[in-house]
Amino acid sequence: MLIASTALILATLAGYTLLCMVSPFGTCRKCDGAGAKLTVNRAGKLKKVKPCRRCKGQGKRLRVGRRLHNHSRDIHNAGNR
C-alpha cells in the first residue's frame with residue numbers, strides 16, 4: 001500500500017515536471033486566458049473593461065513548477081560564479 005501510493009506520487013510529480021518543461025505557461029485563472037476582465041453590458045454584449053492584473057493582459061502565466069525551476073537555477077548559477 002505504501003509503495004503503491006509512493007509510486008503514484010512520484011509518477012504525478014514526474015508528469016507535472018514534464019508538463020512544466022514542455023509547456024511552461026498556463027492559462028491565467030483570473031481572466032480565463034482572455035487577457036482582460038470581461039463584463040456584460042446592458043445590451044448583452046461582452047465588453048473589455050481593463051487588462052487583467054495577474055497576467056498583465058497576456059492571458060498566460062508562468063506555472064508554479066517552472067517558477068520553482070527558474071529560481072533554483074538562478075541560485076545554482078549565482079553560486080557557481
Side-chain angles (χ1 to χ4, degrees):
M1 182 75 173
L2 181 64
I3 295 172
S5 61
T6 304
L8 181 65
I9 290 171
L10 289 176
T12 303
L13 287 175
Y16 184 69
T17 302
L18 200 62
L19 176 70
C20 289
M21 289 173 63
V22 173
S23 176
F25 293 96
T27 305
C28 178
R29 290 183 288 171
K30 180 81 171 179
C31 65
D32 291 327
K37 182 179 178 185
L38 300 175
T39 59
V40 180
N41 61 8
R42 291 183 184 178
K45 296 181 182 178
L46 288 176
K47 176 181 150 184
K48 283 186 179 180
V49 176
K50 57 184 174 179
C52 177
R53 291 191 297 173
R54 284 189 180 176
C55 64
K56 297 178 178 68
Q58 306 234 335
K60 297 285 184 180
R61 294 190 63 198
L62 197 59
R63 294 184 194 273
V64 174
R66 187 61 184 205
R67 193 174 298 131
L68 288 172
H69 171 72
N70 291 346
H71 184 67
S72 64
R73 189 181 61 213
D74 291 342
I75 288 173
H76 176 74
N77 289 340
N80 286 337
R81 289 185 192 152

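Given the structure is predicted, the values throughout are model-derived calculations rather than measurements. Below, all heavy atoms of this structure are taken into account, side chains as well, without hydrogens, waters or symmetry copies.
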Please evaluate residues S23 and R63 with respect to the criterion side chain to side chain contact (heavy atoms under 4.5 Å, CB included), reporting the C-alpha separation (whole Å), side-chain torsions for both, the decisive distance (0.1 Å), and the verdict. CA-CA 9 Å; S23 176; R63 294 184 194 273; 3.7 Å; yes
Would you check if R67 and R61 make a side-chain contact, meaning some heavy-atom pair closer than 4.5 Å?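 The answer is yes; the side chains approach within 4.5 Å.
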Minimal non-hydrogen separation, C52 against C28, with atom names: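 Heavy atoms of C52 and C28 come nearest at SG-SG, 3.8 Å.
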M21 versus R66, closest heavy-atom pair with distance: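 Heavy-atom minimum between the residues: CA-NH1, 4.1 Å.
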Under 6.0 Å from the CZ atom of R53, do we count more than 12 heavy atoms belonging to anything else shown?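 Open.
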By the definition side chain to side chain contact (heavy atoms under 4.5 Å, CB included), identify the one residue from L62, L19, N70 that meets it with P24.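 Only one of L62, L19, N70 forms a side chain to side chain contact (heavy atoms under 4.5 Å, CB included) with P24, namely L62.
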Gap separating the CD atom of Q58 from the SG atom of C31, nearest 0.5 angstrom: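 Here the interatomic distance stands at 10.5 Å.
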Rounded distance (nearest 0.5 Å) linking atom CD1 of I3 with atom CG of L8: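 Between atom CD1 of I3 and atom CG of L8 there are 13.5 Å.
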